[in-house]
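To keep things clear, I will list the structure first and then write my remarks on it.
Nothing fancy with the numbering, it's 1 onward along the sequence.
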Amino acid sequence: MKRLFFSAMLVVLLSGMDALAQDGGRIIYDQVVKIDIQLPPEMESMRDQIPKERSTKRMLLFTETESLMRDAPEDENAEEPVSRTMRSGQGMVEIRMAGRGANAVERMLLTSMDSGETIEQRDFMGRTFLVEGEQPAVPWRLTAEQGEYKGFLTHKAVATMDSTEIVAWFSPEIPVPVGPDGYGGLPGAILLLDLNGGKTTYTANVIEPETTFAKDEFERPDKGRKVSQEEFDGIVAEKMKEMQAQGRGGNRVMFRAN
């Protein structure tokens, strides 16, 4: 009986250990996307109906070998997905923005630090894809500027990639080459990131360089049809072309934000 009791206790303890992932780190960012749509003069009357920005909380989990970017679970004020069409005469503005509704597919990005390979789970027009690719090689240039953010020493790095101006503040005190939504490759975790002069910003508000998280928290993307990045870009381009054709005979402005 004692042996059976000991065996049962061992199973319970191992089950509890299995519920925990390996040690790693966690950074939660406030992501803000500015919405600045160029409207033709005849559609300016719609401007007050268009949101000025989109704010979400995003969580970066990392171990020694992988990082996972996903929605922050404690974001109680997360906005519902937005799909809005506004008309004025022959003009039309269509806005599609991802959100955290009950049926929304979560956007997740898994990156291997060893190989640089990525797999991203994302939704497009009601279809879910697993987009396989590689982490972009950002041509970082380190500057002499230093600062302090939430008690961490930070250094400034800048880059230009695909016409996107990038400014990052990273901390060598967190010696892992990670950052939000695939931006990484610096000798430290990125805590502040600015794209195109504030059009998109990431601001770390929770920084836990050493923590332990549950396995279901570090969930691997597994929903959707597997495609390459080139295939996904082709699908998006084809759908956009189709939607533009449907708007023929008037002005149609589309805006998408993830």
Side-chain angles (χ1 to χ4, degrees), residues 24-36 38 53-72 98 107-122 131-207 209 228-230 232-233 236-237 255-258:
R26 177 192 289 107
I27 302 175
I28 298 179
Y29 300 89
D30 287 318
Q31 178 193 17
V32 178
V33 179
K34 301 292 185 182
I35 301 175
D36 183 16
Q38 300 301 314
E53 64 181 34
R54 180 72 166 176
S55 179
T56 55
K57 288 187 182 295
R58 301 277 286 160
M59 178 172 66
L60 177 67
L61 303 172
F62 55 89
T63 67
E64 292 182 353
T65 58
E66 293 181 313
S67 68
L68 175 69
M69 189 80 180
R70 65 183 306 178
D71 295 330
R107 182 181 178 187
M108 303 167 66
L109 175 63
L110 180 71
T111 302
S112 167
M113 296 186 207
D114 293 331
S115 66
E117 295 177 347
T118 63
I119 183 162
E120 183 177 17
Q121 176 180 289
R122 60 185 305 175
V131 185
E132 298 179 328
E134 295 183 359
Q135 184 178 28
V138 182
W140 293 112
R141 178 172 62 84
L142 302 183
T143 74
E145 294 186 59
Q146 297 184 8
E148 182 179 311
Y149 182 73
K150 290 187 177 293
F152 291 91
L153 173 68
T154 57
H155 295 266
K156 183 180 179 181
V158 298
T160 301
M161 186 175 69
D162 298 331
S163 73
T164 298
E165 298 294 328
I166 310 168
V167 177
W169 287 88
F170 68 95
S171 177
E173 295 179 341
I174 309 175
V176 186
V178 297
D181 282 330
Y183 290 94
L186 287 165
I190 296 174
L191 304 182
L192 302 168
L193 186 70
D194 183 302
L195 307 178
N196 286 332
K199 288 187 176 179
T200 300
T201 58
Y202 296 83
T203 305
N205 59 66
V206 175
I207 306 170
S228 67
Q229 185 65 58
E230 291 74 19
F232 181 75
D233 291 343
V236 172
F255 177 84
R256 298 182 66 252
N258 292 311

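Partners of Asp30 under the salt bridge (charged side-chain N to carboxylate O under 4.0 Å, His left out) rule, at least two apart in sequence or in another chain, are Lys57. Listed by chain and residue number, Ile119, Lys226 satisfy the side chain to side chain contact (heavy atoms under 4.5 Å, CB included) test with Glu132 (two or more places apart in sequence, or in another chain). Annotation: side chain to side chain contact (heavy atoms under 4.5 Å, CB included) contacts of Pro136 (sequence neighbours excluded): Met161. Considering only residues two or more places apart in sequence or on other chains, Asp114 meets the side chain to side chain contact (heavy atoms under 4.5 Å, CB included) condition with Thr65, Ser112. Residues forming a side chain to side chain donor-acceptor pair (under 3.5 Å) with Gln135 (at least two apart in sequence, or on another chain): none. Looking at residues two or more places apart in sequence or on another chain, you find a side chain to side chain contact (heavy atoms under 4.5 Å, CB included) between Glu117 and Ser115. Residues satisfying the side chain to side chain donor-acceptor pair (under 3.5 Å) test with Glu173, not counting sequence neighbours, are none.
Two residues are said to be in side-chain contact when any heavy atoms from C-beta on lie closer than 4.5 Å; Arg58 and Asp181 meet this criterion.
For the side-chain hydrogen bond (donor to acceptor under 3.5 Å, both in side chains) condition, the pairs that include at least one residue of residues 138-147, sequence neighbours left out, are Glu145-Lys156. The ring pair (Phe, Tyr, Trp, His ring centres under 6.0 Å) analysis of residues 159-185, with sequence neighbours excluded, yields the pairs His155-Phe170.
The shortest heavy-atom contact between Ala204 and Ile27 is CB-CG2, 3.7 Å. Smallest separation of non-hydrogen atoms from Val138 and Ala159: CG1-CB, 3.6 Å. Pairing each heavy atom of Tyr29 with each of Pro180, the nearest pair is OH-CD, 3.6 Å. Of all heavy-atom pairs between Ser171 and Phe152, the closest is OG-CB, 3.7 Å. The heavy-atom pair separating Leu186 from Ala168 by the smallest distance is CD1-CB, 4.2 Å.
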Just distance, no hydrogens or angles: give the donor-acceptor pairs under 3.5 Å from side chains in residues 193-200, sequence neighbours left out.
| from | atom 1 | to | atom 2 | distance (Å) |
| --- | --- | --- | --- | --- |
| Asp194 | OD1 | Gly197 | N | 3.2 |
| Asp194 | OD1 | Gly198 | N | 2.8 |
| Asp194 | OD2 | Gly198 | N | 3.3 |
| Asn196 | OD1 | Glu165 | N | 2.9 |

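Other residues, nucleotides and ligands place no more than 12 heavy atoms under 6.0 Å from the CD atom of Glu134.
Expressed to the nearest 0.5 Å, how far CE of Met113 lies from CD of Glu66 amounts to 8.0 Å. Once rounded to the nearest 0.5 Å, the distance linking CG of Leu191 with OG1 of Thr154 reads 7.0 Å. Taking CD1 of Ile190 as the start and CG of Leu60 as the end, the distance is 9.5 Å to the nearest 0.5 Å. Taking CZ of Arg70 as the start and CD of Gln121 as the end, the distance is 8.5 Å to the nearest 0.5 Å. Atom CE of residue Met69 and atom CG of residue Leu110 lie 13.0 Å apart, to the nearest 0.5 angstrom.
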Does the pair Arg122 and Phe232 meet the rule for a side-chain contact (heavy atoms from CB on, under 4.5 Å), with working shown?
-> CA-CA 10 Å; Arg122 60 185 305 175; Phe232 181 75; 3.6 Å; yes

